[in-house]
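Just below is one structure, and these are the notes that go with it.
Since the model is a prediction, treat every value here as computed from it, not as a measurement. For reference, positions follow the sequence shown, starting with 1. Whatever order the structure lists them in is the order used to number ligands and atoms, beginning at 1.
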Amino acid sequence: MDNRPIGVYDSGFGGLSVWRELCRLLPNESIVYLGDGKNCPYGGRSREEITRFATESVERLVSEGVKMVVVGCNTATTASIATLRDIWRDMPIVGLEPAVKPACLTTQTKRIAVLATEHSLKSDMFLSTTARYAEGVEVLKVVGEKFVDIVEAGKEESVEAHDAVRKVVEPLLDSGIDKIVLGCTHYPFLRSHIEDIVAGRGIDIVDSGEAVARRVEWLLKRYKISARSDHRAEYRFISFADERYRLSLEQRAKSILDKLLIANY
Ligand code: DGL
């Protein structure tokens, strides 16, 4: 048993979509969430740069006393997961990559779309996963232009958000796809717009948040580091940006938690 927190890291607010699934599945686990904020967005940056940010972020989480790290960012995972695991060999580090495998295994039309950042879609990790699981499946690679900025600005309910999503998703409607993979943790916050636009077209939306939470649960058991069942979870939020950013992380997390509690009643 180990009541130390789990560390979750993202370039900004996106990893809160993973944090939400962790809170839901593992209510006794404390979590320290690090939203970089200062260097966000990562999507158009180089692998070296992102690896540097990711290493600094994990160092910070380790200094906060975490027992495990979840890289709640596809871009940081595709750039740096091997480096991070090489540095912190004794600590479990869970990465997130676009859920190409489940989408390829279940597509009926043999055509899927993956929405992700420019960096993720060009990464070696993405290319090798696609080569491995997408035999006979056509994978359309699409960058969610403006999606990250909209979520960072807290404008996910706006007309601007709907228009940006429409611009990206509408051209896919007649492409014969039956899956859209959300390959960036910011994108689930725009899910309702995507659902709206694909309604009635037989297209499923595939997100990896829940699967990652299950993987974390499995690893906690395997390493025997789960929190005690009577442990009261605490959630903390840190950032490399200013206090205002950190506070808005905290506020968003609180409203996510409120919605979860309402859903559980
Ligand atoms: N949330 C991140 C991801 O999952 C990336 C967003 C960004 O910083 O560009 O890829």
Side-chain angles (χ1 to χ4, degrees), residues 7-22 33-58 61 69-84 93-101 103 113-127 129-130 141-156 161 164-165 168 180-191 194 205-213 215-216 237 239-241 245 248-249 252-253 256:
V8 177
Y9 149 64
D10 179 49
S11 62
F13 294 111
L16 289 175
S17 62
V18 179
W19 176 86
R20 170 179 57 201
E21 298 308 320
L22 290 169
Y33 182 95
L34 168 60
D36 176 339
K38 187 169 149 202
N39 305 297
C40 185
Y42 285 5
R45 293 181 182 270
S46 71
R47 181 178 183 157
E48 291 68 32
E49 236 180 340
I50 300 166
T51 301
R52 183 158 54 80
F53 300 148
T55 308
E56 284 166 11
S57 300
V58 175
L61 286 171
V69 166
V70 179
V71 181
C73 175
N74 295 261
T75 310
T77 300
T78 53
S80 68
I81 195 82
T83 306
L84 300 177
I93 302 182
V94 179
L96 236 97
E97 58 173 316
V100 171
K101 180 180 167 190
V114 179
L115 300 189
T117 66
E118 193 188 332
H119 183 279
S120 293
L121 293 173
K122 283 189 185 151
S123 67
D124 293 343
M125 185 184 255
F126 181 77
L127 296 178
T129 307
T130 312
K141 295 183 268 179
V142 185
V143 175
E145 287 300 344
K146 295 197 184 153
F147 288 14
V148 172
D149 293 341
I150 288 170
V151 174
E152 286 295 310
K155 291 186 179 163
E156 48 272 54
V165 174
V168 169
I180 291 183
V181 176
L182 303 185
C184 168
T185 53
H186 282 73
Y187 297 178
F189 291 112
L190 298 170
R191 186 181 176 124
I194 304 175
I205 299 168
V206 185
D207 176 13
S208 17
E210 202 186 317
V212 169
R215 171 90 184 140
V216 170
F237 299 87
S239 173
F240 292 135
Y245 190 88
S248 65
L249 268 175
R252 286 210 203 181
I256 291 173

- Query: Are the side chain of Arg191 and the backbone N or O of Asp207 linked by a donor-acceptor pair below 3.5 Å?
  - Reply: no
- Can we call the ring centroids of Tyr33 and Phe13 under 6.0 Å apart? no
- Query: Looking just at side-chain N and O atoms, do Thr83 and Ser80 make a donor-acceptor pair shorter than 3.5 Å?
  - Reply: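 No, Ser80 and Thr83 have no side-chain donor paired with an acceptor closer than 3.5 Å.
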Which N or O atoms of ligand 1 sit under 3.5 Å from a protein N or O, and how far apart is each pair?
residue, atom, partner, partner atom, Å
ligand 1, 1 (N), Asp10, OD1, 3.0
ligand 1, 1 (N), Thr185, OG1, 2.9
ligand 1, 1 (N), His186, ND1, 2.8
ligand 1, 4 (O), Asn74, N, 2.8
ligand 1, 4 (O), Asn74, ND2, 3.0
ligand 1, 4 (O), Thr185, N, 2.8
ligand 1, 4 (O), Thr185, OG1, 3.2
ligand 1, 8 (O), Ser11, OG, 2.7
ligand 1, 8 (O), Tyr42, N, 2.6
ligand 1, 9 (O), Tyr42, N, 3.2
ligand 1, 9 (O), Gly43, N, 2.9
ligand 1, 10 (O), Asn74, N, 3.4
ligand 1, 10 (O), Thr75, N, 3.0
ligand 1, 10 (O), Thr75, OG1, 2.5

- Query: What's the verdict on salt bridge (charged side-chain N to carboxylate O under 4.0 Å, His left out) for Glu56 and Lys38, showing C-alpha distance, side-chain angles and the deciding distance?
  - Reply: CA-CA 12 Å; Glu56 284 166 11; Lys38 187 169 149 202; over 6 Å; no
- Item | Glu118: side-chain contact (heavy atoms from CB on, under 4.5 Å) partners, not counting sequence neighbours |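 Residues passing side-chain contact (heavy atoms from CB on, under 4.5 Å) with Glu118: Lys122, Val143.
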- Search all heavy atoms of Gly144 against all heavy atoms of Tyr187 and return the closest pair with its distance.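 Minimum heavy-atom separation between Gly144 and Tyr187: N-OH, 3.2 Å.
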